[in-house]
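Below you'll find the structure, written out as structure tokens, and then a few comments.
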There are 2 protein chains.
Amino acid sequence: MKVNKELLKGSTVILVLSMLDREPMYGYQMIKEIEKESSGVFMFKEGTLYPILHSLEAGGMIESYWWGNEGSRQRKYYKITEKGNSCLKEKRQEWETFSSAVDKVLNKEAFVWGQLMTQE
Amino acid sequence: MKVNKELLKGSTVILVLSMLDREPMYGYQMIKEIEKESSGVFMFKEGTLYPILHSLEAGGMIESYWWGNEGSRQRKYYKITEKGNSCLKEKRQEWETFSSAVDKVLNKEAFVWGQLMTQE
DNA sequence: ATCTATGCATAGTATAACTAGGTATGATTT
DNA sequence: AAATCATACCTAGTTATACTATGCATAGAT
């Protein structure tokens with residue numbers, strides 16, 4: 001199932017940082033990985049990911065280096081920095097706050113029902 | 001705690017529909033209610049909410065009517081329509097899919113640890 | 001009488017992901 | 001060997017959506 005792409009806004013950075021927190025990866029690899037991990041929910045476009053990687057690097061959140069076996073294709077790997085790691089921690093908390101708040105509003109009706117049933 | 005406003009993108013409509021699914025409300029009231037319900041996480045600006053209400057009405061998702069005690073202030077109430085209700089159902093499913101996918105990516109590390117510990 | 005909170009509305013701005021295009025390499029197919 | 005396709009990186013311009021800033025009006029409080 002695809003989701004409204006607008007839902008993705010604001011959550012791409014945390015997803016990128018979270019993946020690089022596990023292991024260094026290169027851009028194209030991240031696109032394929034996150035699609036697989038999310039069962040096709042997240043299908044990052046190159047025009048989305050690469051600019052994000054560049055801006056994260058400019059902000060000191062991640063670092064890049066070219067790497068590849070001799071004679072084979074070189075890929076640009078990114079790894080998370082200390083700064084990126086603490087940013088990730090903040091963003092995890094932020095996501096928790098946000099998603100809980102949405103759930104609270106979406107489920108208020110059910111919650112009220114629960115109260116009514118308890119009172120019976 | 002405030003969250004990145006960009007996180008909100010794509011989720012405002014579902015929040016609005018969800019509130020109107022409980023009872024008819026007027027714009028200003030919704031702003032105050034959702035701020036209270038979400039413990040200050042969602043602080044809709046009027047410039048955000050009113051255009052959304054207008055567009056939802058234009059799309060047949062909600063209907064409006066002026067109402068107020070005689071001699072007292074008139075307020076523009078909105079109520080959800082059948083069409084709005086089925087749209088809400090879809091969007092609930094979409095939110096579930098999206099937030100689960102984010103959680104899956106964010107918590108993959110912990111999940112892997114669990115696997116490793118089981119293998120020991 | 002003035003001030004503040006309430007209440008509706010909209011034009012213009014900022015932000016972030018996408019579209020659409022470009023370049024290049026390695027592997028597979030014909 | 002040539003053609004094709006998946007891989008791999010990049011960016012300028014577009015689009016969608018929430019926000020800023022502002023205007024107008026009413027009701028209650030000081």
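Naming: A, B, ... by sequence-line order, numbering from 1 per chain.
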Problem set entry | Atom pair CE (Met61(B)) and NZ (Lys91(B)), whose distance is rounded to the nearest 0.5 Å | 8.0 Å
Exercise. Within this structure, what is the CZ-to-P distance between Phe42(B) and dC19(D), rounded to whole angstrom?
Worked result: 11 Å
For this session: Give the rounded distance in Å between these two atoms: OH of Tyr28(A) and P of dT25(C).
Result: 17 Å
For this session: Would you mind reading off the distance between Phe98(A) atom CZ and dA18(D) atom C1', rounded to a whole angstrom?
Result: 13 Å
Problem set entry | Atom-pair distance (NZ on Lys45(B); C1' on dG7(C)), nearest Å | 17 Å
For this session: Determine which pairs satisfy side chain to side chain donor-acceptor pair (under 3.5 Å) with at least one residue from residues 52-66 of chain A, sequence neighbours left out, and list them in order.
Result: Glu57(A)-Ser64(A)
Exercise. Starting at the 5' end of DNA chain D and moving along, which residue's nearest nucleotide shows up first, Tyr78(A) or Leu49(B)?
Worked result: Tyr78(A)
Exercise. dT11(D), dC18(C), dC19(D): which one has an atom nearest the side-chain heavy atoms of Thr48(A)?
Worked result: dC18(C)
Exercise. Any side-chain N or O of His54(A) under 4.0 Å from OP1/OP2 of dC9(D)?
Worked result: no
Exercise. What is the per-nucleotide protein-contact pattern of nucleotides 25-30 of chain D, from the 5' end, where B denotes a base atom under 4.0 Å from a protein heavy atom, S denotes such proximity for sugar-phosphate atoms only, and - denotes neither?
Worked result: BBS---
For this session: Start with the C-alpha gap between Glu94(A) and Lys89(A), add the side-chain angles, then the distance that decides, and say whether salt bridge (charged side-chain N to carboxylate O under 4.0 Å, His left out) holds.
Result: CA-CA 9 Å; Glu94(A) 196 174 292; Lys89(A) 279 209 184 76; over 6 Å; no
Exercise. Does Ser86(A) have any side-chain hydrogen bond (donor to acceptor under 3.5 Å, both in side chains) partners at least two apart in sequence or in another chain, and if so, which?
Worked result: none
For this session: Decide salt bridge (charged side-chain N to carboxylate O under 4.0 Å, His left out) for Glu37(A) and Lys104(B); before the verdict, give the C-alpha distance in whole Å, the side-chain angles of both, and the deciding distance to 0.1 Å.
Result: CA-CA 8 Å; Glu37(A) 274 182 34; Lys104(B) 211 189 293 183; over 6 Å; no
Exercise. Taking atom P of dC8(C) as reference, at what distance in whole Å does atom CZ of Arg75(B) sit?
Worked result: 8 Å
Exercise. Between dC8(C) and Tyr50(B), is there an OP1 or OP2 to side-chain N/O distance shorter than 4.0 Å?
Worked result: yes
For this session: In whole angstrom, give the distance that lies between atom CD1 of Ile14(B) and atom C1' of dT17(D).
Result: 16 Å
Seminar exercise, completed: With Val16(B) as partner, the option from Ile62(B), Asp21(B), Ile52(B) fulfilling side-chain contact (heavy atoms from CB on, under 4.5 Å) is Ile52(B)
Exercise. With a 4.0 Å cut-off on heavy atoms, is Tyr26(B) in touch with a base, just the backbone sugar-phosphate, or nothing at all?
Worked result: sugar-phosphate
For this session: Please report, rounded to the nearest Å, how far the P atom of dA24(C) is from the NZ atom of Lys76(A).
Result: 17 Å
Problem set entry | For atom CG of Leu15(B) and atom C1' of dA18(D), their distance in whole Å | 13 Å
Problem set entry | 5′-ward residue of the pair Gly47(B)/Glu46(A) relative to DNA chain C | Gly47(B)
Exercise. Got Val102(A) and Phe42(B) here, is their nearest side-chain heavy-atom distance under 4.5 Å?
Worked result: yes
